[in-house]
Amino acid sequence: MKTMFSGMQPTGAPHVGNWLGALKNWVGLAKDYDSIFCIVDLHAMTVEYEPALLRERIRNLAAVFLASGLPAPEHCPLFVQSHVQEHTQLAWIFNTVTPMGELGRMTQFKDKAAQHAKNINTGLFTYPLLQAADILLYKGEVVPVGEDQVQHIELARIVARKFNNRFGEFFAEPKEIVTKGSRILGLDGKAKMSKSLGNHIEITEDPDSIRTKLKGAVTDPKRMRRSDPGDPSVCNMFTLHKHFSTPEQQEWAASGCRAAGIGCFDCKKVLADNMIEQLAPIREKALDWIARPKDLDDVLDQGAKACRARAQKTMDGVRALTGL
Ligand code: TRP
């Protein structure tokens with residue numbers, strides 16, 4: 001089986017956008033690969049964050065991962081990046097083979113540098129090298145990611161090549177699997193769903209809160225009155241229907257909207273029911289894990305142990321080649 005590696009930052013409570021754009025797809029792929037899932041806390045440090053909240057965020061993300069139906073942790077390790085020290089070690093070595101120009105052209109760096117103009121730290125700049133280390137440490141062959149990460153996987157290939165050219169053939173070049181639904185808009189209907197924009201619905205959000213949030217969500221802005229016909233193709237609620245509703249319900253929503261046969265209120269009600277129903281089992285399991293932090297930590301320890309052994313083996317090879 002090929003090795004699949006993926007990582008997610010513990011930057012906030014995982015939301016519906018993360019679920020549709022990443023987790024749900026990863027879980028679907030996991031059983032077909034030798035899969036490893038990583039909570040990348042070191043990457044999360046590259047932007048301003050609250051140290052007192054980080055552990056809780058790591059646990060919450062781990063709980064959602066476990067609740068969303070990954071294969072048992074014995075077959076599919078889930079671990080925290082900083083628990084396996086080899087990640088930073090290999091990242092350093094990659095620093096020494098990568099020209100600055102390769103990192104300077106990364107669009108995520110440019111975007112984040114613009115967003116966090118007061119904190120353009122070098123970690124933000126070398127971020128993709130730590131990501132390359134995450135993958136290559138386990139000789140990861142496939143990496144499921146959203147569209148926005150494709151450039152980083154391409155860079156991981158460049159890094160593998162640079163290392164191999166300098167020290168000898170060792171790393172295989174990883175390939176991305178671009179997951180669908182990776183651009184879910186938030187409740188404002190404008191920007192990508194994100195915790196920092198507050199336009200999100202958390203995976204563990206309670207049903208009443210889901211209803212309230214959807215009631216306030218932006219629809220087709222041209223549809224001002226109930227009697228105005230709407231355009232589902234510009235309505236983010238309809239995009240969400242495509243993920244949560246049956247084909248019949250989607251048809252009902254689309255034609256009802258176009259003909260002003262139904263109002264946004266009716267449309268949102270069906271969406272809310274479906275979303276609540278589909279998130280319920282994940283929410284329930286995640287809350288159960290969160291209530292058992294010791295068990296959660298045990299799973300993460302077990303994951304780190306398994307990954308450490310694999311990482312050390314890779315680093316033995318790297319040390320031999322580099323003369324360390
Ligand atoms: N950079 C990724 C993101 O922001 C997270 C990540 C870190 C990752 N290391 C990785 C993804 C390794 C895939 C493989 O989404």
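Each residue takes its place number in the sequence, starting with 1. Whatever order the structure lists them in is the order used to number ligands and atoms, beginning at 1.
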- Task: Identify the two heavy atoms, one from Asn164 and one from Glu169, that lie closest to each other, and give their separation to 0.1 Å.
- Result: ND2-OE2, 3.2 Å
- Message: Check for me whether Lys313 meets the cation-pi criterion with Tyr138, that is, NZ or CZ under 6.0 Å from the six-membered ring centre and within 45 degrees of the ring axis.
- Response: no
- Do me a favour and list the nearest non-hydrogen protein atom to atom 4 (O) of ligand 1 with residue, atom name and distance? Tyr127 OH, 3.0 Å
- Note on the structure: If you compare Gln9, His43, Gln108 by their heavy atoms, the one closest to atom 7 (C) of ligand 1 turns out to be His43
- Query: Under 3.5 Å, side chain of Arg223 to main-chain N/O of Pro229, donor-acceptor pair present?
  - Reply: no
- Query: Can you list the atoms of ligand 1 that are under 4.0 Å from a heavy atom of Val40?
  - Reply: 7 (C), 9 (N)
- Query: Which residue and non-hydrogen atom of the protein lie closest to atom 14 (C) of ligand 1, and at what distance in Å?
  - Reply: Val143 CG1, 3.5 Å
- Item | Part of Gln149 with heavy atoms under 4.0 Å of ligand 1, whether side chain, backbone, both or neither | side chain
- Query: Distance only, no hydrogens: is a donor on one side chain within 3.5 Å (strictly under) of an acceptor on the other, for Gln89 and Arg319?
  - Reply: yes
- For ligand 1, which part of Gln81 has a heavy atom less than 4.0 Å away: the side chain, the backbone, both, or neither? neither
- Query: How far is atom 8 (C) of ligand 1 from its nearest protein heavy atom, and which residue and atom name does that atom have?
  - Reply: Gln131 NE2, 3.5 Å
- Query: Purely on distance, is any nitrogen or oxygen of Ser6 under 3.5 Å from one on ligand 1?
  - Reply: no
- Query: Parallel, tilted or perpendicular for Phe5 and His87, by the 30°/60° rule?
  - Reply: tilted
- Counting heavy atoms only, which of Gly7, Ala132, Ala22 comes nearest to atom 11 (C) of ligand 1? Gly7
- Query: Tell me: protein heavy atom nearest atom 9 (N) of ligand 1, and distance?
  - Reply: Asp134 OD2, 2.7 Å
- Task: Determine whether Leu155 and Phe170 fall in the same hydrophobic cluster, where Ile, Leu, Val, Met, Phe, Trp and Tyr are linked whenever their side-chain heavy atoms lie under 4.5 Å apart.
- Result: yes
- Task: Using a 4.0 Å heavy-atom cut-off, say whether Leu130 meets ligand 1 through its side chain, its backbone, both or neither.
- Result: neither
- Task: Determine, step by step, whether Arg308 and Glu86 satisfy the side chain to side chain contact (heavy atoms under 4.5 Å, CB included) criterion, reporting the C-alpha distance in whole Å, the side-chain angles of both residues, the deciding distance to 0.1 Å, and the verdict.
- Result: CA-CA 8 Å; Arg308 204 175 289 128; Glu86 284 74 10; 4.1 Å; yes
- Query: For the residue pair Ala156 and Ile135, what are the closest heavy atoms and their distance?
  - Reply: CB-CD1, 4.5 Å
- Any idea which atoms of ligand 1 are less than 4.0 Å away from a heavy-atom of Ile135? 12 (C), 14 (C)
